[in-house]
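One structure below.
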There are 2 protein chains.
Amino acid sequence: MTAAPSPRVTIKDVAARAGVSKGAVSLAFNHKPGLSEATRDRIFAAAQELGWEPNLTARSLSSSRVDVVGLAICRPARMLGLEPFYMEFVSGVESVLTEHSCSLLLRLVRHVGEEVALQESWWRGRQIGGSILVDFRADDPRVAAAERLGMPVVAVGHPSLTGSLTSVWTDDATAVTEAVRYLAALGHRRIARVGGAAALGHTVIRTAAFDAAARSLGLAGARQVATDYSGEAGARATRSMLTAAPSDRPTAIVYDNDIMAVAGLGVAAEMGLGVPGDVSLLAWDDSQLCRLTHPTLSAMSHDVHGFGAEAARTLFGVIAGSGPGSHPVPTPVLTPRGSTAPPRS
Amino acid sequence: MTAAPSPRVTIKDVAARAGVSKGAVSLAFNHKPGLSEATRDRIFAAAQELGWEPNLTARSLSSSRVDVVGLAICRPARMLGLEPFYMEFVSGVESVLTEHSCSLLLRLVRHVGEEVALQESWWRGRQIGGSILVDFRADDPRVAAAERLGMPVVAVGHPSLTGSLTSVWTDDATAVTEAVRYLAALGHRRIARVGGAAALGHTVIRTAAFDAAARSLGLAGARQVATDYSGEAGARATRSMLTAAPSDRPTAIVYDNDIMAVAGLGVAAEMGLGVPGDVSLLAWDDSQLCRLTHPTLSAMSHDVHGFGAEAARTLFGVIAGSGPGSHPVPTPVLTPRGSTAPPRS
DNA sequence: AGCGCATACTCAACCGGTAAAGTCCGATTC
DNA sequence: GAATCGGACTTTACCGGTTGAGTATGCGCT
């Protein structure tokens with residue numbers, strides 16, 4: 001990539017124009033003491049006139065600070081596009097990065113192995129100052145990699161999955177339990193759950209919590225299934241559940257994201273089942289999508305934007321040298337809407 | 001951001017280990033001629049043993065190549081998350097960037113002014129080798145900015161909007177015309193369109209095309225309205241259209257994205273109107289979402305992933321010095337599904 | 001033998017900044 | 001009046017690569 005921009009303005013030009021040395025310009029632009037107000041002003045004026053901005057590349061080289069953080073997302077593109085979660089998460093991350101004049105290096109990868117290689121390469125090549133790691137799974141190879149590299153990272157996932165890494169996480173277990181209790185309180189006994197990717201740590205956690213909650217409430221008819229988070233998989237799962245004999249058919253279904261819940265709504269309609277009359281549906285994540293359907297979707301709501309922001313804030317902490325820690329963000333809360341109701345007698 | 005990584009290994013260490021000079025290592029790693037096979041192998045072996053990867057920062061500094069391209073997206077976060085379009089576009093861009101070991105610097109901005117400043121700062125600070133500009137509007141300030149800076153960019157938008165910049169675009173006018181013709185062919189006379197943001201160039205183009213098509217087909221009942229692309233706005237617009245007196249109510253509605261179409265579907269259901277019996281709905285962009293609803297949504301389908309890929313490919317061309325050009329990508333095609341049918345007599 | 005000429009490297013300058021040490025100078029201090 | 005001091009800059013040495021000029025070696029050719 002060869003760039004042939006307009007005659008490059010460098011710190012030297014600015015220094016010359018202001019009648020000072022490069023060092024002085026550097027001091028001024030980094031807001032460090034040791035310059036008179038007058039000189040400082042002259043320098044800024046000169047920079048302004050020449051349209052100069054410090055070359056970040058050069059700056060990182062000599063100061064070994066990098067104002068870029070990495071984020072690799074590992075899901076098939078088809079699904080990514082659909083899940084409001086990531087974009088919202090990214091936008092939360094951004095909101096914090098921007099305050100620090102920091103940028104986000106984004107990459108979509110196909111599997112964890114690829115991500116490990118990428119993160120290592122980013123870090124080794126000093127492209128990033130740290131990374132946000134998402135979608136943890138059991139025995140995630142990124143834990144060891146980050147430790148080995150001594151790379152500042154924040155792991156978005158339950159502490160039980162992220163080893164010694166600093167983590168930012170939501171209490172999925174409690175949220176699942178609340179969801180099940182709510183449906184049970186409405187009178188549902190046959191509650192089903194359409195989960196996310198089985199390989200992901202939080203799916204495992206939710207699955208266990210669902211089982212535990214069902215057991216403790218004595219719900220014999222509870223069942224769950226894992227999917228790949230896609231709407232199609234959600235539709236398939238729903239269809240398979242709702243085609244069971246009426247006495248066996250779930251009267252309420254919890255979904256692990258909202259796109260699958262929308263798909264579930266579509267399937268119910270296609271089968272001529274009323275929501276929430278014949279079956280109640282409960283979504284997860286609660287993007288705007290849940291308010292657009294008819295009926296509107298009850299959901300476990302989650303401040304995804306804030307989640308991303310907290311992850312970014314925590315990363316800055318790690319980069320600044322704060323020791324490992326665990327940062328829980330608020331547990332998703334139930335937002336009842338039109339898709340849940342007591343089962344028809 | 002101060003990083004305290006494990007003892008940094010640099011090109012010097014590798015050179016020492018391989019018993020050659022820094023220059024030799026550089027030659028080897030850039031696959032340039034002038035080294036014997038044997039030396040080359042020794043160098044790679046040494047690098048491998050030390051776990052060295054060239055510091056991209058240093059490399060960009062001396063070679064003035066930057067393996068990063070920028071993308072700023074300007075829409076409120078709430079809407080962004082929802083629109084599958086961008087993530088799919090990004091994934092298309094990525095797929096090409098990856099082949100060139102290039103990364104994507106992503107930023108969400110609030111308005112064009114902010115984007116112009118950002119792009120300028122990125123370019124001046126040599127953070128990026130070029131940029132992909134999206135969401136063009138009439139008299140877009142980015143055109144002048146890019147020219148002034150001599151910055152390699154590819155403009156995603158109709159050539160009429162992108163001035164002298166190299167553009168990548170879809171033929172929205174033709175697509176809109178096709179959509180209207182299709183609905184008219186089904187027998188619809190009162191066709192409405194729920195458009196996107198009025199400030200955006202392609203909205204203007206689609207609006208004009210819709211008008212022209214309606215006129216040429218002699219559809220007196222055609223009407224359209226602009227929104228902000230959000231599902232809520234889509235719902236509002238739909239509600240307002242469908243509450244008109246039956247003799248005035250549109251029998252078919254075209255939406256500018258799929259999220260609004262989903263919202264429209266919800267509104268129709270809420271009002272007790274059958275789709276496609278009472279009203280036909282036609283979405284745009286056609287993400288997976290359109291196949292999940294009931295009825296499924298007919299849509300103008302678009303290979304968004306490919307669109308992004310083409311934009312990235314074109315950007316590499318621009319960076320490599322190819323002159324300005326116009327790169328149309330395939331026109332969206334109609335994919336009829338369950339939400340469109342002839343109007344009820 | 002002598003010359004030209006690849007080939008295979010080395011060397012040193014340079015990219016555009018930062019940072020630590022050094023210089024200059026006027027104001028205090030004793 | 002010499003020594004001290006601190007503020008305001010300047011100098012210089014990097015940061016970790018790339019690059020072009022320079023050098024040593026070997027080989028073919030007359």
Side-chain angles (χ1 to χ4, degrees), chain A residues 1-43 46-47 50-67 101 121 123-127 129, chain B residues 1-5 7-43 46-47 50-67 121 123-127 129:
Chain A
M1 224 173 282
T2 359
S6 24
R8 297 286 301 145
V9 177
T10 76
I11 198 173
K12 219 188 297 187
D13 304 315
V14 176
R17 189 125 159 84
V20 294
S21 68
K22 301 197 303 173
V25 178
S26 175
L27 289 180
F29 266 76
N30 289 296
H31 303 105
K32 295 202 178 170
L35 288 185
S36 67
E37 268 313 307
T39 315
R40 216 171 274 274
D41 291 349
R42 263 194 1 265
I43 292 174
L50 296 172
W52 179 74
E53 291 204 33
N55 180 325
L56 289 211
T57 305
R59 191 201 296 244
S60 334
L61 184 54
S62 50
S63 67
S64 42
R65 335 173 329 161
V66 187
D67 291 319
S101 334
S121 158
W123 174 245
R124 287 248 169 87
R126 275 295 174 280
Q127 296 226 77
Chain B
M1 223 172 280
T2 0
R8 299 286 302 146
V9 19
T10 76
I11 197 174
K12 217 189 296 185
D13 304 316
V14 176
R17 186 121 160 85
V20 295
S21 67
K22 302 198 301 174
V25 178
S26 176
L27 290 180
F29 265 76
N30 290 294
H31 302 104
K32 296 199 176 168
L35 289 185
S36 68
E37 267 315 306
T39 316
R40 214 171 273 275
D41 291 348
R42 257 188 12 258
I43 292 174
L50 296 172
W52 178 75
E53 290 203 33
N55 180 326
L56 289 213
T57 305
R59 185 192 299 225
S60 333
L61 183 55
S62 49
S63 66
S64 46
R65 337 172 330 161
V66 188
D67 291 319
S121 159
W123 175 244
R124 288 246 169 90
R126 276 297 175 278
Q127 295 225 76

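Labels below follow one simple rule: chain letters A, B, ... track the order of the sequence lines, proteins then strands, and each chain is numbered from 1. Since the model is a prediction, treat every value here as computed from it, not as a measurement.
Taking CG from A/L61 and OG1 from B/T57, the interatomic distance works out to 7.0 Å, rounded to the nearest 0.5 Å. To the nearest 0.5 Å, the span separating CG on B/L56 from CZ on A/R126 amounts to 11.0 Å. Taken from CD in B/E53 to CD1 in B/I11, the straight-line distance is 13.0 Å, to the nearest 0.5 Å. Distance check: B/S21 OG to B/L27 CG gives 7.5 Å after rounding to the nearest 0.5 Å. Separation of atoms CZ (B/R59) and OG (B/S64) is listed at 12.5 Å; rounding is to 0.5 Å. To the nearest 0.5 Å, atom CH2 of residue B/W52 and atom CZ of residue B/R17 are 14.5 Å apart.
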Using a 4.0 Å cut-off on protein heavy atoms (strictly under), produce a 5'-to-3' string for nucleotides 12-27 of chain D with B for base contact, S for backbone-only sugar-phosphate contact, and - for none. ---BBBBB--------

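Here C/dA8 presents its C1' atom at 13 Å from CD of B/E37, a figure rounded to the nearest Å. Computed from coordinates, the A/D67 CG to C/dT18 C1' distance equals 14 Å when rounded to whole Å.
In this structure, B/T39 reaches the sugar-phosphate backbone alone: every heavy-atom distance under 4.0 Å involves primed, P, OP1 or OP2 atoms, never a base.
The shortest heavy-atom contact between B/N30 and B/S26 is ND2-O, 2.8 Å. The two residues B/Q127 and B/V66 have their closest heavy-atom pair at O-CG1, 3.3 Å.
Between B/S36 and the phosphate of C/dT7, there is no side-chain N or O to OP1/OP2 separation shorter than 4.0 Å.
Two end axes, each from the C1' atoms of five base pairs, can be drawn for the helix from C/dA1-D/dT30 to C/dC30-D/dG1; they diverge by 50°, to 10 degrees.
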